Structure formats: structure tokens, C-alpha cells
Amino acid sequence: MSQQKWLGFILILLLFSYLPAQADDKPVQQLKAFLASSKSLSADFKQVLIDEQGKPVRTSFGVFYLQRPGKFRWDYQKPFAQQIVADKGKVWFYDKDLEQVTVKKLDESLGSTPALLLSGEVSLDDNFTIEGQGKEGDMQWIKLLPKSAETTFKYILIGLDKGSLGGMELSDNFGQLTRIYFSNVLINPPIKQTLFQFEVPKGADVFEE
């Protein structure tokens, strides 16, 4: 699965999962408070893919929406128009240039462990080692290290800016980094339900897995 898709899913499993308190760990407590208070969310984002040499190879811009339970939408606007929409247990991936839609069940798209997390049956603490990473400017960073060796990523970094979502970083097993910077973050905004009702564009090919 692409970095783009994984980051979207990781953010959702974070927002839908239970994160237990850890004594004397202020960053984790801040993350816990944020997750507990976020029933819906919208934000602009900038996503940067960095290769194994540390060079940025692709930058994308767009808008993100989320609503519990189980609904989210990533609108990639530049440089290419793409959409990732989740609702009613399915995820639609739409590439406008290719005129192609891929539909997957949410659990199959996430894989076994993330699917369990998304269902709420297990906690993040059961599957990740959670570490505070200190502050960089106004951003407080928390690191999630997967306990299972059967994952496609090495770690996830979550950045909180004054208690709200500010950034994410995902390091995969191929030496690539994906960084997302969030701006204009709104917590619990009213969101139109039609945003999560994906309609296949006319002329697009559909592949359901």
C-alpha cells in the first residue's frame, strides 16, 4: 500500500482507538486528550515524500475531513487530483487522471492489526510503544513504534501544536519518509454527510477487491 493511503488510515485508527494514560507522560496525555475530544475534524494539508537520500521527491496539497464513526475523506488537489473516501466499511480510491476507482473493504485495506485497532477491540498501547519526543518549536512530538515485526513501517510520529493536530511522519521499511503538515485545523466542525457519499464519476473504471 502506498504511503499516501497508509497515512490516511493511520490517522483514522488513531482517532478511533483508545489510548490508555501513562503516568508522568505529558505528551502522551496531550495526545490522549486530543483523541478523546475529536469527534470530527477538518484541515488543509501539505504532504511531502522524502526518498532514502533525504531528498523531497513529491509534494502534494489538499483537504482532509473526518467524522466518527468510520468516515473520512482525503482530497488531493495539487499536483494531481485524487480522492480517498471511507464510509460504511468501504474505502474508495479515485485517481482522476487515470479515470480509475478502486474499492476495498476497510479491514482488508488496513491489514489485521490496524483493522483491530479501528474496531476498538484493542488499544494502541497493545500494538505500539509510545514515546514522547520533546518539542520542536511549538510542536510536541509523540513516537509510535509498532511492536509487531509484520508491518510496512518502522515508526509513526504525531505532532501536536498547542494540543491540536499539527503534523505526522511515517517511516517505511524501504527508507522513505512521508511527512504531512496540517493547517487550518478545525475540531468538531459541522461536516456535510454528502462529503462521505462517494459517487463514481462518469466514464471511470471501477475495480472492487
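What you see below is based on every heavy atom in this structure, not just the backbone, and it leaves out hydrogens, waters and symmetry mates. Model, not experiment: these values are computed from the prediction.
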Hydrophobic cluster membership, [X] vs [Y], 4.5 Å side-chain cutoff:
X      : Y      : value
Tyr76  : Val103 : no
Ile130 : Leu165 : yes
Leu170 : Ile180 : yes

Rounded to the nearest 0.5 Å, what separates atom [atom1] in [X] from atom [atom2] in [Y]?
X      : Y      : atom1 : atom2 : value
Leu41  : Ser164 : CG    : OG    : 6.5 Å
Phe93  : Lys104 : CZ    : NZ    : 5.5 Å
Glu131 : Ile142 : CD    : CD1   : 11.5 Å
Gln176 : Asp51  : CD    : CG    : 7.0 Å
Asp205 : Leu98  : CG    : CG    : 10.0 Å
Arg73  : Trp92  : CZ    : CH2   : 11.5 Å

Please determine which of Lys55, Glu169, Arg179 meets the side chain to side chain contact (heavy atoms under 4.5 Å, CB included) test together with Ile50.
->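 Answer after filtering Lys55, Glu169, Arg179: Arg179.
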
Does Phe207 sit in a hydrophobic cluster with other residues, and if so which ones, taking ILVMFWY side chains as linked at heavy-atom separations under 4.5 Å, directly or through other members?
->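 Members alongside Phe207: none; it stands by itself.
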
Linking Ile, Leu, Val, Met, Phe, Trp and Tyr through side-chain heavy atoms less than 4.5 Å apart, which residues share a cluster with Phe61?
->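 Taking Ile, Leu, Val, Met, Phe, Trp and Tyr as members, Phe61 stands alone, with no cluster partners.
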
Check whether any side-chain heavy atom of Ile84 sits under 4.5 Å from a side-chain heavy atom of Val91, and report yes or no.
->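 Answer yes - side chains close enough.
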
Taking the side chain as every heavy atom from C-beta outward, state whether Val48 and Arg58 have any atom pair closer than 4.5 Å.
->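 Counting from C-beta outward, Val48 and Arg58 never come under 4.5 Å.
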
Of all the heavy-atom pairs spanning [X] and [Y], show the shortest one and how long it is.
X      : Y      : value
Val101 : Ala204 : CG2-CB, 4.2 Å
Leu49  : Thr178 : CD1-OG1, 3.5 Å
Val63  : Phe45  : N-CE2, 3.3 Å
Lys143 : Leu157 : CB-CD2, 3.6 Å
Met168 : Phe182 : CG-CE1, 3.9 Å
Glu99  : Tyr94  : CA-CE1, 4.5 Å

Quick check: are there more than 12 heavy atoms from other residues, nucleotides or ligands sitting under 6.0 Å from CD of Glu199?
->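 Count not over threshold, so no.
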
Contacts table for residues 184-198: side-chain donor-acceptor under 3.5 angstrom, sequence neighbours left out:
from	atom 1	to	atom 2	distance (Å)
Asn184	ND2	Asp44	OD2	2.6
Asn188	OD1	Lys39	N	2.8
Asn188	OD1	Ser40	N	3.1
Asn188	ND2	Ser37	O	2.9
Gln193	OE1	Lys71	NZ	2.7
Gln193	NE2	Gln67	OE1	2.6
Gln193	NE2	Ile191	O	3.2

Identify whether the distance between the nearest side-chain nitrogen and carboxylate oxygen of Glu208 and Lys90 falls below 4.0 Å.
->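 Here Glu208 pairs with Lys90 in a salt bridge, since their nearest N and O are under 4.0 Å apart.
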
Should the pair Trp74 and Phe64 be assigned to parallel (<30°), tilted (30 to 60°) or perpendicular (>60°) ring geometry?
->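 Tilted, since the angle between the ring planes falls between 30° and 60°.
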
When you look at Gln82 and Asp95, which way does the side chain to side chain donor-acceptor pair (under 3.5 Å) test go after all the steps?
-> CA-CA 5 Å; Gln82 295 179 319; Asp95 189 308; 2.9 Å; yes

Under the side chain to side chain donor-acceptor pair (under 3.5 Å) rule, what do Tyr181 and Gln47 come out as? Steps first, then yes or no, please.
-> CA-CA 6 Å; Tyr181 306 90; Gln47 179 175 305; over 6 Å; no

